[in-house]
Amino acid sequence: MAKILVTGGLGFIGSHSVVELQNEGFEVSIIDDLSNSSLSVLDGISKITGKVPNFHQFDLKDKSKVQTFFKANQDIKGIVHFAASKAVGDSVKQPLAYYENNVNPLIYLLQEAARLEQVSFIFSSSCTVYGQADILPITETAPIQTASSPYGSTKQIGETITRDTCERHTNVKAIALRYFNPIGAHKSAYIGELPIGTPQNLVPFITQTAIGIQKELAVFGNDYPTADGTCVRDYIHVVDLAKAHVTALQHLLNSKQSSHYDVFNIGTGQGRSVLEIITTFENVSNKTLPYTIVNRRSGDVASAYADTTKANTKLGWTATLPLHDAIQSAWKWQQKIVNK
Ligand code: WQD
């Protein structure tokens with residue numbers, strides 16, 4: 001079966017995608033610098049699939065190391081590029097570090113991809129590129145607004161770089177997947193989200209509050225123009241998101257894509273408010289979650305959820321796992337790693 005490179009393959013979405021790629025019979029090589037993950041994730045992956053991925057630990061900002069890797073791996077047929085920094089707030093504090101880490105490695109990978117005979121490339125993008133869309137649900141033709149953070153800019157620039165590369169180097173075919181909000185963990189609880197320090201994202205903060213690591217959840221604003229005043233997002237089970245990568249890759253490998261480059265929203269198509277997530281968690285865990293309403297967080301949009309028609313029809317992919325399962329798996333994972 002084809003050999004696939006997964007960068008950032010020990011990260012949250014990367015590790016779940018490696019599992020699904022191995023389940024489909026692909027041979028997986030991971031490059032990860034362990035800056036936002038741990039070697040224990042490799043054990044978690046192999047416990048689930050029974051197969052140990054090839055693992056290479058180095059920083060993709062080191063161009064010579066990227067070149068050396070590809071010299072020894074000319075048989076790569078697909079590249080799934082996750083490796084990037086992803087904390088919106090952090091990107092505002094250190095924009096140049098974000099541009100260096102999220103753009104340079106993409107360029108080095110695409111330079112090597114262009115040298116291969118034929119390769120399929122999946123770029124990890126984000127619904128952040130839309131900013132606050134004027135029309136909901138959001139389709140792929142929604143205007144790309146000025147990014148509200150350097151992180152969002154790196155995703156917009158990344159899509160442009162990938163698209164322009166494929167237009168020029170027709171041996172490279174690519175798909176950008178614009179994720180909405182990934183949550184949850186593999187049902188085995190062998191892999192999941194490992195936030196470093198205080199979680200920025202809602203669901204890991206909820207589970208850490210419920211298990212006593214955090215004192216209470218701060219809900220960032222309840223004065224938005226939404227049904228209950230709290231922000232609405234499209235929360236997708238990370239396993240559904242991982243499977244979308246396999247489907248997108250197979251779509252390219254089987255030459256189902258006539259164009260050199262395409263973009264797909266990956267979400268459930270359903271918007272849920274912060275308060276709805278809290279209620280779902282309380283029902284799943286049978287615990288009362290302590291929270292207070294505080295001021296809005298800068299950079300948040302009121303509402304963002306996907307129109308997934310294009311992925312459903314063109315890719316043949318649809319999210320299947322319900323919100324309850326995603327929240328339940330996040331809670332099971334948190335209880336497993338309680339003091340990590
Ligand atoms: C969700 C909602 C918060 C924490 C970001 C990135 C996106 C992707 C996912 C990388 C918002 C509210 C949160 C808390 C809260 N990351 N919230 N209290 O901001 O939609 O998306 O993470 O790809 O690109 O932009 O996700 O989980 O941070 O927030 O009230 O302690 O929960 O205000 O409305 P977000 P999030």
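Just follow the structure's listing: the first ligand is 1, and inside any ligand the first atom is 1.
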Below 4.0 Å, non-hydrogen atoms only: which portion of [X] touches ligand 1? Side chain, backbone, both or neither.
X      : answer
Ala218 : backbone
Leu202 : both
Thr230 : neither
Phe82  : neither

Practice task
Show which atoms of ligand 1 fall inside a sub-4.0 Å distance from at least one heavy-atom site of Tyr151.
Solution key: 10 (C), 23 (O), 24 (O)

Fill in the blank from the handout: Quick note on ligand 1: atoms under 4.0 Å from a heavy atom of Val219 include exactly 30 (O)

Problem - Per atom 22 (O) of ligand 1, closest listed option by heavy atom (Asn201, Leu217, Thr128) - result: Asn201

Practice task
Select the closest option to atom 19 (O) of ligand 1 among Arg297, Gln200, Gln214, judged by heavy-atom distance.
Solution key: Arg297

Practice task
Mark yes when over 12 heavy atoms from residues, nucleotides or ligands other than Lys187 sit less than 6.0 Å from its NZ; otherwise mark no.
Solution key: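 No, not enclosed.
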
Exercise for the section: Return a yes/no value: protein heavy atom under 4.0 Å from atom 2 (C) of ligand 1? Expected result: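 Given the 4.0 Å cut-off, atom 2 (C) of ligand 1 counts as touching protein heavy atoms.
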
Completion exercise
When every non-hydrogen atom of Ser85 is compared with those of Asn101, the smallest separation belongs to OG-ND2, 2.7 Å

Handout entry: Pair Thr209, Gln214: side-chain N/O donor-acceptor within cut-off below 3.5 Å
Key =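 Distance-only check fails for Thr209 and Gln214.
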
Handout entry: Donor on one side chain, acceptor on other, Asp240 and Thr320, under 3.5 Å
Key = yes

Handout entry: Basic-acidic side-chain contact under 4.0 Å: Arg297, Asp300
Key =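 Looking at Asp300 together with Arg297, the answer is yes, because their closest N to O distance falls below 4.0 Å.
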
Exercise for the section: Tell me whether the centres of the aromatic rings in His186 and Tyr190 are closer together than 6.0 Å. Expected result: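 Between Tyr190 and His186, which both carry aromatic rings, the centre distance is not below 6.0 Å.
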
